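As the structure is a computational prediction, the values presented were derived from the model and not from experiment.
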Amino acid sequence: MSLGAYCVICCRRIGTSASRLKNRTSWRNIRNIIRFTGSFILGGSLFLTYEVLALKKSLTLDTQVVEREKMKSYIYVHTVPADKLETHGLVWQARKELHKAVRKVLAASARVLRNPFSDSFSTVDIEDHDCAVWLLLRKSREDDRAARLEAVQEMSQAHHWHDYQYRVIAQACDPRTLIGLARSKESDLRFFLPPPPLPSLKEDSSTEEELRHLLASLPQTEIDECLQYFTSLALSESSQSLAAQKGGLWCFGGNGLPYAESFGEVPSATVEMFCLEAIVKHSEIPSHCDHIEAGGGLQLLQRLYQLHKDCPKVQRNIMRIIGNMALNEHLHPAIIRSGWVSLMAEALKSFHIMEASHAARTLANLDRETVHEKYQDGVYVLHPQCRTSQPIKADVLFIHGLMGAAFKTWRQQDSERVLLENSLVDEDRYTTCWPKTWLAKDCPALRIISVEYDTSLSDWRARCPMERKSIAFRSNELLSKLRAAGVGDRPMIWISHSMGGLLVKKMLLEASKKPELSAVINNTRGMIFYSVPHHGSHLAEYSVNIRYLLFPSLEVKELSKDSPALQTLQDDFMEFAKDKNFQVLSFVETQPTFIGSMIKLHIVPVESADLGIGDLIPVDVNHLNICKPKTKDAFLYQRTLQFIRETLARDLEK
């Protein structure tokens with residue numbers, strides 16, 4: 001700056017000098033200008049040369065350091081505290097600005113070239129396999145969908161990389177690639193960074209209090225009676241629990257009978273379960289999911305998930321909430337940022353089928369690259385749970401019955417159960433869900449879906465006292481969920497146990513009345529019924545005879561032999577099915593079933609299990625085991641497999 005000022009002064013002197021001294025003074029000033037300008041140019045050249053050499057030296061990698069860093073599983077980011085920056089002088093600031101300018105030039109040239117990784121790597125100081133990593137990253141961001149899918153597949157099949165290479169992908173990939181890797185069966189868990197640190201709890205607060213606060217902050221208007229019931233119960237019990245922790249007496253406030261099984265549990269864990277079950281119901285409402293996210297629910301649920309690693313029931317409820325939130329695409333960025341993808345990727349690889357299936361549902365709802373369907377609460381894909389190149393040609397749907405569930409109903413017969421350690425080694429010996437392990441292996445071209453819904457034998461055991469759902473109500477609810485999951489787009493077979501078979505018949509009748517659901521009818525190829533009481537059940541008669549003890553639920557009442565709704569359903573279905581080419585196979589128990597420790601009852605007799613269409617096969621088991629084969633070679637499973645293959649033979653050959 002001083003040199004420039006001097007030059008200006010000299011120029012002014014030249015312009016104002018007397019004419020007689022003009023020539024002599026001009027040459028003197030010109031010499032001075034040349035002297036100082038030359039010094040400035042020479043000094044600037046030396047400075048630039050020094051800085052270029054310094055920059056080159058700073059960009060030159062010590063190969064020994066690189067090799068040492070490759071052995072580590074993370075990448076260091078060097079940071080300098082802000083107070084240290086103030087101690088640097090003018091030279092350091094000038095060098096910083098120069099380096100920033102050089103980086104801008106390099107970035108601009110990269111944008112101009114547009115293809116920095118397509119050319120030869122001869123001038124790049126990295127190894128061949130490092131080039132492949134960056135090429136795959138670039139390929140995963142291309143506009144061509146097929147190229148992106150191929151890049152994710154190649155990444156997932158890479159098992160020879162060093163730790164740092166997986167970490168490069170983890171830090172540099174986009175959310176679409178991250179979800180694709182999470183849904184890839186062979187992907188390494190090192191592709192996923194650990195979740196970000198959770199925010200600290202408020203002072204003098206606990207996880208239970210935070211969960212209660214989150215539940216209390218959710219809207220309480222325009223919700224059904226059962227959701228109000230769950231919310232009020234959870235808030236009531238949590239207030240009593242907090243009082244107990246401060247020295248008060250903890251109890252269930254008069255609600256003990258329906259929840260007597262919880263008396264032996266730790267109060268805080270019990271209350272957390274109440275709150276989670278209420279939040280599960282809230283998460284089925286899209287607008288409430290926004291409130292959960294805005295209230296820090298994703299981080300709070302993650303804290304609970306980590307705290308209760310040894311409590312599968314808590315973890316399943318949390319995954320149900322995240323899976324429901326993932327149905328809303330505008331919440332996907334928040335779910336990904338909070339680190340849930342890495343947790344779901346780990347859960348998907350679990351040997352526990354229930355845990356893996358909950359994670360698979362959540363990831364499928366997040367994956368909009370290869371999945372167009374949406375899996376609502378209670379709809380679980382047992383196969384395929386990961387991305388696959390195997391084309392899916394047909395669907396098989398499993399619908400459980402009274403007191404059943406999406407997984408436990410379809411387990412192997414308990415009498416043949418082996419130790420868990422052995423079952424993990426050989427799933428052919430024992431499986432907790434034979435459709436997931438046996439059927440998926442025997443028929444890989446099938447999409448296998450299992451449905452779950454709440455049922456009860458009596459109002460005394462009802463999950464919600466105000467909830468009295470009829471078969472007609474449940475069938476419409478399930479049909480809506482299954483249609484959202486793409487059921488009806490492919491040929492399919494319905495497989496049901498007990499009351500689930502009545503739901504299947506009712507769903508088909510309802511679909512036949514709606515033109516938009518005609519695909520469900522047209523693509524139904526067949527049905528398998530395991531002890532379905534088409535003409536009523538002795539369980540209903542038994543419940544009515546001692547109704548003052550059991551208080552039979554609405555579902556059980558509809559199963560009585562004199563039930564008008566049941567008779568109407570059978571007549572309407574027979575009229576509907578007479579001109580359809582449905583293939584039907586029915587199994588029925590021949591042994592009585594123990595209800596409790598003292599009551600023995602033949603729940604579905606042979607005459608009630610006879611639909612009037614297809615084959616009826618009696619099996620020497622009770623009502624609970626009619627859908628649980630003893631082994632993979634047992635007649636019950638082999639006959640089921642034969643029916644599926646024969647009924648879908650033409651579709652599977654296409």
Side-chain angles (χ1 to χ4, degrees), residues 224-226 378 397 399-404 451-482 494-514 517 520-521 524 527-547 550-578 580 582 584 586 588 595 601-614 616 623:
D224 60 29
E225 291 181 335
C226 277
L397 295 96
I399 316 293
H400 67 78
L402 275 172
M403 304 301 292
V451 175
E452 184 162 291
Y453 57 95
D454 290 333
T455 62
S456 57
L457 287 174
S458 67
D459 285 342
W460 181 80
R461 291 281 298 176
R463 298 278 296 164
C464 172
M466 285 77 73
E467 184 177 48
R468 299 180 62 83
K469 293 184 177 179
S470 64
I471 291 176
F473 180 90
R474 291 191 187 279
S475 64
N476 281 315
E477 185 180 48
L478 290 180
L479 187 59
S480 174
K481 289 184 176 183
L482 291 174
W494 302 82
I495 300 180
S496 56
H497 174 239
S498 189
M499 193 188 77
L502 305 180
L503 290 174
V504 170
K505 294 196 298 183
K506 189 63 177 177
M507 280 190 283
L508 291 175
L509 286 174
E510 293 298 322
S512 67
K513 300 174 184 177
K514 302 176 181 178
L517 297 177
V520 175
I521 305 300
T524 295
M527 288 156 273
I528 297 179
F529 297 112
Y530 292 105
S531 286
V532 174
H534 302 290
H535 305 284
S537 169
H538 290 319
L539 176 64
E541 297 175 0
Y542 184 82
S543 299
V544 170
N545 291 335
I546 56 170
R547 57 183 175 273
L550 287 179
F551 301 102
S553 64
L554 181 60
E555 296 104 322
V556 172
K557 290 178 180 178
E558 287 188 324
L559 297 182
S560 61
K561 286 190 174 182
D562 57 352
S563 169
L566 191 61
Q567 188 59 47
T568 301
L569 174 61
Q570 174 66 10
D571 294 341
D572 291 347
F573 185 79
M574 293 300 294
E575 180 67 22
F576 156 74
K578 67 180 182 180
K580 302 291 189 300
F582 294 149
V584 178
S586 300
V588 61
I595 307 228
L601 184 66
H602 196 163
I603 296 177
V604 179
V606 175
E607 59 272 15
S608 181
D610 187 3
L611 176 64
I613 305 175
L616 176 63
H623 187 71

To the nearest 0.5 angstrom, please state how far the CD atom of E607 sits from the NE2 atom of H535. 9.0 Å
Drop me the distance from K578's NZ to M574's CE, to the nearest 0.5 angstrom. 10.0 Å
Can you find a heavy atom in the side chain of M507 that is under 4.5 Å from one in the side chain of L482? yes
Interatomic spacing from CD1 in I528 to CG in L397 - rounded to 0.5 Å: 12.0 Å
Mind checking what makes side chain to side chain contact (heavy atoms under 4.5 Å, CB included) contact with D610, not counting sequence neighbours? L616
If only atom types and distance count, is the side chain of E452 paired as donor or acceptor with the main-chain N or O of G404 below 3.5 Å? no
Y530 side-chain N/O to G501 backbone N/O, donor-acceptor pair under 3.5 Å: no
Please check if the side chain of S512 supplies one atom and the backbone of L509 the other of a donor-acceptor pair under 3.5 Å. yes
With no hydrogens and no angle check, is any side-chain donor or acceptor of H497 less than 3.5 Å from a backbone partner on L402? no
Has the side chain of T568 got a donor or acceptor atom that lies under 3.5 Å from a matching backbone atom of A565? no
Report yes if the side chains of M527 and L508 come closer than 4.5 Å at any heavy-atom pair, otherwise no. yes
Side-chain (S475) to main-chain (I471) donor-acceptor, under 3.5 angstrom: yes
Atom CZ of F529 and atom CD1 of I613: how far apart are they, to the nearest 0.5 Å? 8.0 Å
Minimum-distance pair of heavy atoms, taken over all atoms of L569 and L502: CD2-O, 3.7 Å
Rounded to the nearest 0.5 Å, how far does CZ of F582 lie from CD1 of I521? 5.5 Å
Taking all non-hydrogen atoms of both residues, which atom of V504 and which atom of I399 are closest, and how far apart? CG2-CG1, 3.9 Å
Non-neighbouring partners of E510 that pass side chain to side chain donor-acceptor pair (under 3.5 Å), sequence neighbours left out: none
Can you name the nearest heavy-atom pair linking V588 to P605, along with the distance? CG2-O, 3.9 Å
Side chain to side chain donor-acceptor pair (under 3.5 Å) partners for T524, two or more places apart: W494
Rounded at 0.5 Å granularity, tell me how far NZ in K506 sits from CG in L503. 10.5 Å
